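Predicted, not measured: the structure shown is a model, and the values here were computed from it.
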Amino acid sequence: MLRGFYTAASGMLAQQRAQETLANNVANANTPGYKAEQATIRAFPELLMQQMGSKQTPMKNSSNVATTKSIGALNTGVYVQETIPNFQQGDIRETKLQTDLAIVQGDVPDENGALFFTVQNDAGDVRYTRNGNFTVDGQGYLVTSQGYYVLDQTGNPIQMDGTSFSVTPDGIIETNTQYIPLGIAYTDNALEMVKEGNDLFAGETGAVPANANFTMKQGFLEGSNVDAVKTMTEMMNAYRMFETNQQVLKAFDESLGKAVSEIGRI
């Protein structure tokens, strides 16, 4: 009976974490470049139940022979192993703001390959993002909406010599006096990237391969890839599964209460 308690409780905790992940996706449905997360639920290792016994042999001075009989497998609950971002391209929408940039990713050499803007966080560490909602700060630097420096191809912050500039389809910033290649990073397996706050990712990246196709669009933003209708449906399913486990837990509690208060008196 106690095993049933743990199994039902683990199911409730797993659905609660899945619900939190889905709620975060809905909250970021309008965040540029946001990549929806999916909670992966796995079962704890199964236990193989066996019946232990002994068999008395008819031979004189013989000992008992232990026997076993398989009963079946016992599931011990589930848990959320990890949350995995979905790096599918979001919708590209026009904003007509020259500081808004969008990476339109085409064919890349790796199945899970992805391209990112390179930025520098508050601690000075290099991070990666698909949110191209940039602006120019008071010192003339190109920064993210959180104030992080956008980096060029050499890893330096990009400082403009004016407010007017253009960006070529291959990612070159052109001003009146300079040409600055944007720092575009590539990873051959985006599923290994670690998601941080403020639309940032950490992980191992390298230069963009020669056979990776992409187009930089100025005055456009990549939208979130959250499917709001699908996510709401998954939230309702997670809620129903939580309620089901809750009812199972309640039934075990009532049975245990009867065993203690009624059977115990007998």
Side-chain angles (χ1 to χ4, degrees), residues 1-51 70-88 90 112 114 121 123 127-131 146 187 189-204 223-264:
M1 185 177 296
L2 292 179
R3 289 196 186 100
F5 266 113
Y6 295 134
T7 301
S10 69
M12 292 174 65
L13 291 173
Q15 294 303 325
Q16 180 180 356
R17 287 197 59 188
Q19 186 83 305
E20 292 171 352
T21 301
L22 293 169
N24 186 57
N25 289 341
V26 172
N28 287 279
N30 294 320
T31 301
Y34 179 80
K35 301 304 177 186
E37 291 183 308
Q38 181 178 2
T40 58
I41 298 178
R42 291 192 61 182
F44 287 110
E46 293 184 347
L47 300 178
L48 180 61
M49 304 296 290
Q50 291 186 325
Q51 181 182 22
S70 295
I71 299 175
L74 175 67
N75 292 315
T76 55
V78 296
Y79 68 101
V80 174
Q81 183 186 26
E82 60 181 341
T83 55
I84 301 176
N86 173 16
F87 284 93
Q88 182 179 356
N112 295 319
N121 65 10
R127 292 295 183 263
Y128 310 96
T129 184
R130 286 295 288 261
N131 186 347
Q146 292 81 22
T187 177
N189 188 0
L191 299 180
E192 294 181 352
M193 301 294 284
V194 178
K195 195 170 188 179
E196 298 182 351
N198 298 322
D199 307 319
L200 300 183
F201 292 89
E204 296 294 330
S224 167
N225 65 356
V226 174
D227 186 333
V229 175
K230 179 181 177 182
T231 303
M232 292 300 294
T233 302
E234 292 175 348
M235 289 182 70
M236 288 188 289
N237 289 336
Y239 178 72
R240 292 192 184 101
M241 291 299 296
F242 182 91
E243 281 191 323
T244 300
N245 282 285
Q246 189 179 43
Q247 293 299 321
V248 172
L249 193 65
K250 183 179 179 181
F252 276 117
D253 182 62
E254 292 175 351
S255 298
L256 185 60
K258 289 183 180 181
V260 172
S261 60
E262 298 178 11
I263 300 177

Original post:
For Asn24, what residues pass the side-chain hydrogen bond (donor to acceptor under 3.5 Å, both in side chains) criterion, not counting sequence neighbours?
Top reply: Asn28, Tyr34

Original post:
Side chains of Leu22 and Val26: does their closest heavy-atom pair fall under 4.5 Å?
Top reply: no

Original post:
Can you name the closest pair of heavy atoms from Ala39 and Val80 and give their distance?
Top reply: CB-CG1, 4.0 Å

**OP:** To the nearest 0.5 Å, tell me how far Leu191 CG sits from Asn112 CG.
**Re:** 4.5 Å

Subject >> Arg127 CZ to Asp199 CG distance, which is reported to the nearest 0.5 Å >> reply: 14.0 Å

**OP:** Could you tell me which residues satisfy salt bridge (charged side-chain N to carboxylate O under 4.0 Å, His left out) with Glu192, sequence neighbours excluded, listed by chain and number?
**Re:** none

Original post:
Which value, rounded to the nearest 0.5 Å, describes the distance between Tyr239 atom OH and Gln19 atom CD?
Top reply: 9.5 Å

**OP:** State the CD-CD distance between Glu37 and Glu20, to the nearest 0.5 angstrom.
**Re:** 11.5 Å

Subject >> Those residues that, when tested against Gln246, pass side-chain hydrogen bond (donor to acceptor under 3.5 Å, both in side chains) (two or more places apart) >> reply: none

Original post:
Closest heavy-atom contact between Ala190 and Phe87?
Top reply: O-CE1, 3.2 Å

**OP:** Under the side-chain contact (heavy atoms from CB on, under 4.5 Å) rule, what do Thr21 and Gln38 come out as? Steps first, then yes or no, please.
**Re:** CA-CA 7 Å; Thr21 301; Gln38 181 178 2; over 6 Å; no

Subject >> Value rounded to 0.5 Å, distance of OG1 in Thr31 from CG in Asn225 >> reply: 11.0 Å

**OP:** Look up atom CD in Glu243 and atom CE in Met12, then write down how far apart they are to the nearest 0.5 Å.
**Re:** 10.0 Å

**OP:** Carefully, step by step, assess Gln146 and Asn121 under the rule side-chain contact (heavy atoms from CB on, under 4.5 Å).
**Re:** CA-CA 9 Å; Gln146 292 81 22; Asn121 65 10; over 6 Å; no

**OP:** State, to 0.1 Å, how close Thr7 and Ser10 come at their nearest heavy-atom pair, and which atoms those are.
**Re:** O-OG, 2.8 Å

Original post:
Can you tell me if Asn198 uses its side chain to pair, donor with acceptor, with the backbone of Leu200 under 3.5 Å?
Top reply: no

Original post:
With a 4.5 Å limit on heavy-atom distance, are the side chains of Met193 and Tyr128 in contact?
Top reply: yes

